[in-house]
S.K.: 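This is the structure, below, for whatever I ask next.
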Amino acid sequence: MDRRPTLAIDPQLLEILACPDPHHAPLVYDPDGQTLTCTECGRIFEIRDDIPVLLLSEARTAPEGQ
């Protein structure tokens with residue numbers, strides 16, 4: 001079981017982070033999953049070692065129905 005402490009991303013940082021796709025939509029932070037999800041395209045970006053990985057090539061898509 002993964003017992004890493006959850007990162008509390010600074011709310012000011014969340015305000016400026018956006019999806020790297022041309023629509024630049026806001027991202028929603030999931031502290032339990034340590035991910036950021038795009039509000040427009042649904043791509044999920046992982047947070048690794050307390051750093052958001054905002055690379056389109058590294059993003060995954062949400063499972064169908066979510």
Side-chain angles (χ1 to χ4, degrees):
M1 185 181 327
D2 189 10
R3 293 254 176 193
R4 290 182 297 171
T6 57
L7 165 72
I9 289 187
D10 186 312
Q12 290 179 328
L13 178 60
L14 280 176
E15 286 181 26
I16 61 171
L17 287 178
C19 183
D21 204 34
H23 55 253
H24 301 297
L27 300 170
V28 175
Y29 174 50
D30 175 6
D32 293 328
Q34 287 295 282
T35 58
L36 295 165
T37 303
C38 177
T39 58
E40 179 76 22
C41 65
R43 285 186 178 100
I44 301 168
F45 301 92
E46 291 187 20
I47 299 171
R48 296 185 198 140
D49 299 322
D50 298 341
I51 300 169
V53 180
L54 299 179
L55 299 171
L56 291 173
S57 62
E58 297 271 332
R60 54 189 163 92
T61 56
E64 288 295 319
Q66 287 190 1

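Everything quoted here is computed from the prediction, not taken from an experiment.
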S.K.: From Asp30 CG over to Phe45 CZ, what is the distance, rounded to the nearest 0.5 angstrom?
M.R.: 14.5 Å
S.K.: Does any non-hydrogen side-chain atom of Cys38 lie less than 4.5 Å from one of Asp21?
M.R.: no
S.K.: Working to the nearest 0.5 angstrom, can you tell me the gap between Arg60 CZ and Ile44 CD1?
M.R.: 4.5 Å
S.K.: Just verifying a value: how many Å separate Leu27 CG and Leu13 CG, rounded to the nearest 0.5 Å?
M.R.: 10.0 Å
S.K.: Please answer: with hydrophobic residues joined when any side-chain heavy atoms are less than 4.5 Å apart, are Leu36 and Leu56 in the same cluster?
M.R.: yes
S.K.: Once you round to the nearest 0.5 Å, how far does OG1 of Thr39 lie from NE2 of His23?
M.R.: 7.0 Å
S.K.: Between atom OG1 of Thr37 and atom CZ of Arg43, what is the distance when rounded to the nearest 0.5 Å?
M.R.: 12.0 Å
S.K.: Return the CG to SG distance between Leu54 and Cys19, rounded to the nearest 0.5 Å.
M.R.: 8.0 Å
S.K.: Listed by chain and number, what are the salt bridge (charged side-chain N to carboxylate O under 4.0 Å, His left out) partners of Glu58, not counting sequence neighbours?
M.R.: Arg48
S.K.: Shared ILVMFWY cluster between Ile16 and Ile47, side chains joined below 4.5 angstrom?
M.R.: yes
